[in-house]
Amino acid sequence: MSLRLGDVAPDFTAETTEGTIRFHEWLGDSWGVLFSHPADFTPVCTTELGAVAKLRSEFDKRNVKVMALSVDPLDSHQRWIGDINETQQTAVNFPLIADPNFEIAKLYDMVHPNASDKFTVRSVFVIGPDKKIKLTITYPASTGRNFDEILRVIDSLQLTANYSVATPANWKHGDEVVIAPAIPDEEIPKRFPKGHKRVKPYLRLTPQPNL
Ligand code: BEZ
């Protein structure tokens, strides 16, 4: 069965380009992003791993650890990383899981046989400090991911985990947020002292509370 939001991200032990990793232990108290690639030495994946390496400081700022998976062996990964560093002008700075037997890919339902039974799709799992899955996104092999969007969603997840708010369409860090419907009008001034706009009884906006 596929993994759903709120499920505990399955634990595993993996061989990676940074040694053997026990996933939950490696995550510790951090947030995590686990994302899969169809195969080594493929063009879109090469650009994706380079893009994530360049965003490493953005993930660090948010206390997020990043790990990638590709269903090829470790020696292939090491050679491929040389190409990624060369062509994307960066240095891959996060672990890449070698999963030649598809064990972790199957555990995380990253193989979608009607798309391909030989390659994983481009799955993304964002995992909270409680080890629960907060977000899943699936892209086809032919479409590279937008990692700025993944950072944007992490900003929303981390904000809404701590405040009774939700983020509206196209929200980005610094924009107004929506007050959760469960908060009665009379509690708003105390809980959101920066002020609010009552557009409709169910649509109440307030400045981002953690700024
Ligand atoms: C790629 O990463 O470039 C790719 C992988 C599989 C199919 C199509 C593109």
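This structure is a prediction, so every number in the text was calculated from the model and none was measured. Numbers here simply count residues along the sequence, with the first being 1. Every number for a ligand or one of its atoms is a count from 1 in the order of the listing.
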Trainee: Search all heavy atoms of F147 against all heavy atoms of A51 and return the closest pair with its distance.
Mentor: CD1-CB, 4.4 Å

Trainee: Is there a side-chain contact between T16 and I21 in this structure, where contact means two heavy atoms from C-beta onward sitting under 4.5 Å apart?
Mentor: yes

Trainee: Identify, chain by chain and in numerical order, each protein residue with a heavy atom under 4.0 Å from an atom of ligand 1.
Mentor: P38, T42, P43, V44, C45, R122, A141

Trainee: Is the ring pair F35/F94 parallel, tilted or perpendicular, if the boundaries are 30 and 60 degrees?
Mentor: tilted

Trainee: Is there a salt bridge (Lys or Arg N to Asp or Glu O under 4.0 Å) between R79 and D40 once you walk through the steps?
Mentor: CA-CA 9 Å; R79 284 183 285 114; D40 291 5; over 6 Å; no

Trainee: Using the ring of each side chain (for Trp, its six-membered ring), is W80 parallel, tilted or perpendicular to H77, with breaks at 30° and 60°?
Mentor: tilted

Trainee: Are any of the side-chain heavy atoms of V52 and F59 separated by less than 4.5 Å?
Mentor: yes

